[in-house]
Amino acid sequence: MASAQADQLALSVTDQGVGIPKEWTNKVFDKFAQIEARKAAGAVGSGLGLTFCRRAVEAQGGRIWLQSELGKGTTVTFTLPVASPRN
């Protein structure tokens with residue numbers, strides 16, 4: 001989903017996965033952070049995906065965050081500044 005304010009564009013991506021525990025919602029943006037429950041389930045990644053997303057978004061002057069509910073899924077939202085039109 002995308003929405004725009006006068007100076008920012010917001011994009012959201014939502015899944016219907018297992019969700020992320022509240023205590024992890026800020027930690028998932030840290031390098032190599034992995035949720036312990038996911039390690040036990042065998043689905044393990046490098047823990048770098050959201051770290052790179054945050055760096056890319058912040059390098060462009062935006063911000064990124066997520067909202068999640070266990071058993072219902074996660075929504076990751078980021079904003080980017082809208083470029084002014086050139087003449």
Side-chain angles (χ1 to χ4, degrees):
M1 181 170 99
S3 64
Q5 296 178 344
D7 61 347
Q8 290 190 353
L9 173 70
L11 296 159
S12 296
V13 177
T14 301
D15 70 30
Q16 296 175 340
V18 297
I20 298 170
K22 252 190 198 317
E23 64 270 14
W24 276 90
T25 56
N26 289 323
K27 295 176 186 176
V28 296
F29 292 100
D30 295 342
K31 278 188 201 177
F32 307 114
Q34 296 177 346
I35 299 171
E36 293 301 319
R38 296 205 181 169
K39 284 184 185 179
V44 179
S46 65
L48 291 173
L50 287 174
T51 300
F52 288 137
C53 290
R54 179 177 64 185
R55 288 186 177 201
V57 167
E58 289 177 352
Q60 298 300 314
R63 67 185 195 97
I64 187 169
W65 66 95
L66 64 82
Q67 295 174 301
S68 189
E69 188 173 343
L70 287 176
K72 296 197 175 185
T74 302
T75 299
V76 177
T77 303
F78 66 95
T79 61
L80 294 173
V82 175
S84 354
R86 296 181 185 200
N87 292 331

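Everything numeric here is computed off the predicted structure, so don't read it as measured data.
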Nearest heavy atoms of Thr77 and Thr75, plus distance in Å: OG1-CG2, 3.8 Å
Counting only heavy atoms not in Asp15 (residues, nucleotides, ligands), do more than 12 fall under 6.0 Å from its CG? yes
Taking side chain to side chain contact (heavy atoms under 4.5 Å, CB included) as the definition, give me every residue that meets it alongside Leu80, ordered by chain and number, with sequence neighbours left out. Val57, Gln60, Phe78
Residues in side chain to side chain donor-acceptor pair (under 3.5 Å) contact with Thr25, at least two apart in sequence or another chain: none
Any side-chain heavy atom of Leu50 sitting closer than 4.5 Å to one from Lys27? no
What residues, two or more places apart in sequence or in another chain, satisfy side chain to side chain donor-acceptor pair (under 3.5 Å) together with Thr79? none
Is Gln16 atom CD crowded by more than 12 heavy atoms from other residues, nucleotides or ligands, each under 6.0 Å away? no
Under 3.5 Å, which donor-acceptor pairs do the side chains of residues 61-69 form with other protein atoms, sequence neighbours left out?
residue : atom : partner : partner atom : Å
Ser68   : OG   : Ile20   : N            : 2.7
Ser68   : OG   : Gly73   : O            : 3.1
Ser68   : OG   : Thr74   : OG1          : 2.8

